[in-house]
There are 2 protein chains.
Amino acid sequence: MTAAGYDPPPASGRGDPHLAAHAFEPFAVAVDLAVFTVRAGTLHVLLIRRGQEPYVGAWALPGGFVLPRESAETAARRELAEETGLPAEVVAALHLEQLRTYSEPDRDPRMRVVSVAFTVLVPDMPEPAVEGGGDAAHARWLAVGEASDLAFDHAVILADARERIGSKLEYTCLATAFCPPEFTLGELRAVYETVWGTALDRPNFRRKVLTTPGFVEAVPGGARLTGGRGKPAALYRPGPATALHPPLLRPEGPTR
Amino acid sequence: MTAAGYDPPPASGRGDPHLAAHAFEPFAVAVDLAVFTVRAGTLHVLLIRRGQEPYVGAWALPGGFVLPRESAETAARRELAEETGLPAEVVAALHLEQLRTYSEPDRDPRMRVVSVAFTVLVPDMPEPAVEGGGDAAHARWLAVGEASDLAFDHAVILADARERIGSKLEYTCLATAFCPPEFTLGELRAVYETVWGTALDRPNFRRKVLTTPGFVEAVPGGARLTGGRGKPAALYRPGPATALHPPLLRPEGPTR
DNA sequence: CCAAAAGTGTTGACAATACACCCATGA
DNA sequence: TCATGGGTGTATTGTCAACACTTTTGG
């Protein structure tokens with residue numbers, strides 16, 4: 001600091017608060033959301049078509065500014081509700097988690113924007129729920145494979161988010177966040193298989209999930225038809241556990 | 001956004017850039033550093049004694065503002081060099097990684113400060129290196145157990161950072177970042193035992209490390225006395241691997 | 001010779017794999 | 001009755017934890 005002739009920051013150092021307020025350039029602080037769902041055997045991400053320069057017509061992650069009295073988490077949930085049109089209580093229950101903060105000086109060509117990125121996992125929901133909000137006219141689910149030429153550094157954020165959820169499936173119970181409130185083990189397995197892009201042995205997967213205490217708990221009466229053919233599957237709910245000990249390791253074999 | 005009458009952010013939405021520049025309250029963006037080392041069988045963290053209000057006399061994590069043309073990562077390394085007095089090339093090689101961003105509106109009583117927190121792992125180094133910088137007169141290593149009543153929300157940041165490195169040791173090769181360039185397996189094991197607070201079986205730990213390809217590689221000629229008694233131990237360097245497959249799981253047993 | 005720490009070997013428990021097989025349902 | 005997906009059983013394989021034992025140093 002002395003070398004730069006720079007006063008220390010309020011929250012971290014020993015600077016004079018009155019000087020400090022003028023010692024920094026103001027930054028815009030935004031949130032960006034990587035919202036994922038599993039749909040028809042493919043990982044999908046929620047994207048918005050840009051209507052203005054720069055990057056007109058390109059797809060971008062939803063997001064927005066953090067308001068003066070908000071935390072980044074609060075802003076993320078607010079933006080999520082606005083862009084998806086989902087009711088507040090649904091958004092409040094979604095799994096939302098900080099990914100990382102992107103702060104390269106030129107990531108936005110117009111001005112200095114520091115963006116806190118979040119990863120959100122939602123169950124597959126009818127498309128209208130997404131299109132619903134008046135504000136979300138351009139919001140759409142795209143298969144992650146189709147999502148190219150994203151605006152700004154959003155391709156990097158998306159890649160980081162994918163990698164994160166892939167490894168989080170290994171050692172947390174996160175996969176249930178992709179499922180509806182009650183789900184079959186086949187649906188749960190499909191989450192793993194689509195995120196990892198590998199096939200899993202069905203009997204072994206079943207055993208692993210059921211023997212991990214608190215991962216899922218059986219719904220007493222429930223049995224659901226699995227979409228037509230096959231034996232009806234038992235229904236499960238997410239259990240109280242959050243971590244997976246021991247982890248469910250991703251096969252290192254060939255990518256499907 | 002429509003509900004709030006608020007224009008979308010530049011980096012994330014569809015807002016008019018000229019309006020956008022005035023649509024947000026300026027935030028200060030800072031970095032906070034949780035710098036850890038393993039010292040005498042205890043995890044230590046680098047802290048700075050505050051000389052001004054608020055929290056005069058309290059310990060705080062080192063940190064500072066992000067400058068106009070810096071990324072958070074660049075700012076973190078700059079601050080680290082300034083506060084520790086270490087030469088730039090040493091700092092450039094240290095393991096530094098984003099922890100998470102803290103953005104509660106009132107985390108700094110004076111003004112709105114959003115802080116990107118980093119976790120840094122350094123090998124045990126002589127205390128003078130830390131005290132060296134003219135700016136770092138108040139920087140000291142404290143055992144994490146002794147670090148209480150930290151300024152701002154730094155106790156939360158510190159707790160989050162501890163938890164993160166604990167779990168990162170399980171599935172990455174990160175532990176070598178706590179060791180000098182060449183180290184014995186006993187030193188490496190001490191890192192795990194100190195961070196986790198558990199005892200590990202020496203033979204099994206050895207096998208696990210040596211059979212994981214790329215974790216460590218033997219230094220051809222080297223053998224070092226382990227500080228007096230005992231058989232001299234072979235020396236190892238960090239290998240090219242970064243991930244640990246399969247992971248080295250932390251025993252869930254009693255805390256030592 | 002003893003203590004201390006490195007290094008090797010062996011064994012049993014347990015977990016993960018790979019597969020064979022049966023069950024219930026829709027077409 | 002056949003295809004499809006759910007559910008069960010089992011043998012093999014591999015990994016990990018526990019612990020006995022040898023080796024090499026300093027005191």
Side-chain angles (χ1 to χ4, degrees), chain A residues 40-41 169-171 179 182-194 196 198-213 215-219 221-236 243-254 256, chain B residues 40-41 169-171 179 182-194 196 198-213 215-236 244-254 256:
Chain A
L169 287 197
E170 292 189 323
Y171 53 93
C179 297
E182 299 189 343
F183 51 87
T184 68
L185 293 185
E187 291 169 332
L188 187 63
R189 187 168 46 87
V191 168
Y192 279 89
E193 294 185 329
T194 57
W196 287 346
T198 59
L200 297 177
D201 183 84
R202 189 165 34 79
N204 294 334
F205 177 83
R206 174 188 186 79
R207 255 188 298 270
K208 176 69 184 175
V209 170
L210 292 183
T211 59
T212 300
F215 191 174
V216 299
E217 45 193 39
V219 176
R224 178 162 58 175
L225 309 199
T226 57
R229 288 219 268 283
K231 183 175 176 178
L235 284 179
Y236 295 87
L244 229 51
H245 269 295
L248 177 47
L249 292 179
R250 169 173 18 187
E252 51 206 296
R256 188 180 41 164
Chain B
L169 287 197
E170 292 189 323
Y171 53 94
C179 297
E182 299 189 343
F183 51 87
T184 68
L185 292 185
E187 291 168 331
L188 187 63
R189 187 169 45 86
V191 168
Y192 279 89
E193 294 184 329
T194 303
W196 286 349
T198 60
L200 296 177
D201 183 84
R202 189 166 35 78
N204 294 335
F205 177 83
R206 174 188 186 80
R207 255 188 298 269
K208 176 69 183 174
V209 171
L210 293 183
T211 60
T212 300
F215 191 174
V216 299
E217 43 194 40
V219 175
R224 179 163 57 176
L225 309 198
T226 56
R229 288 221 269 281
K231 184 174 174 177
L235 283 179
Y236 295 86
L244 228 50
H245 267 298
L248 176 48
L249 293 178
R250 167 174 19 186
E252 50 205 297
R256 187 179 42 164

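Chain identifiers are assigned alphabetically (A, B, ...) following the order of the sequence lines, protein sequences preceding nucleic acid strands; residue numbering begins at 1 within each chain.
Separating the CG atom of B:Asp201 from the P atom of C:dT11 is a distance of 17 Å, rounded to the nearest angstrom. In this structure, B:Phe205 places its CZ atom 15 Å from C1' of C:dA5, rounding to the nearest Å. In this structure, CZ of A:Arg202 is placed 9 Å from P of D:dG7, rounded to the nearest angstrom.
Using a 4.5 Å cut-off on side-chain heavy atoms (C-beta onward), B:Leu235 and B:Phe183 make no contact. Residues B:Leu248 and B:Tyr192 meet the side-chain proximity criterion, which asks for heavy atoms closer than 4.5 Å. A 4.5 Å side-chain heavy-atom check between B:Leu244 and B:Phe215 finds at least one atom pair inside the cut-off.
The base of D:dG5 lies outside donor-acceptor range of the side chain of A:Arg189, with no N or O pair under 3.5 Å.
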Could you go through nucleotides 11-16 of chain D and list every protein N or O atom that sits under 3.5 Å from one of its N or O atoms, giving the distance for each pair?
from	atom 1	to	atom 2	distance (Å)
D:dC16	OP1	B:Lys208	NZ	3.2

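Checked against D:dA18, C:dT25, C:dA6, the side chain of B:Lys231 finds its nearest nucleotide in C:dA6. With distances taken from any side-chain atom of B:Ala234 to the nucleotides D:dG7, D:dG9, C:dG7, the minimum falls on C:dG7.
Nucleotides of DNA chain D nearest to B:Leu249 and A:Glu187 differ in position, and the one nearer the 5' end is that of A:Glu187.
Distances shorter than 4.0 Å separate none of the side-chain N or O atoms of A:Arg206 from OP1 or OP2 on D:dG6.
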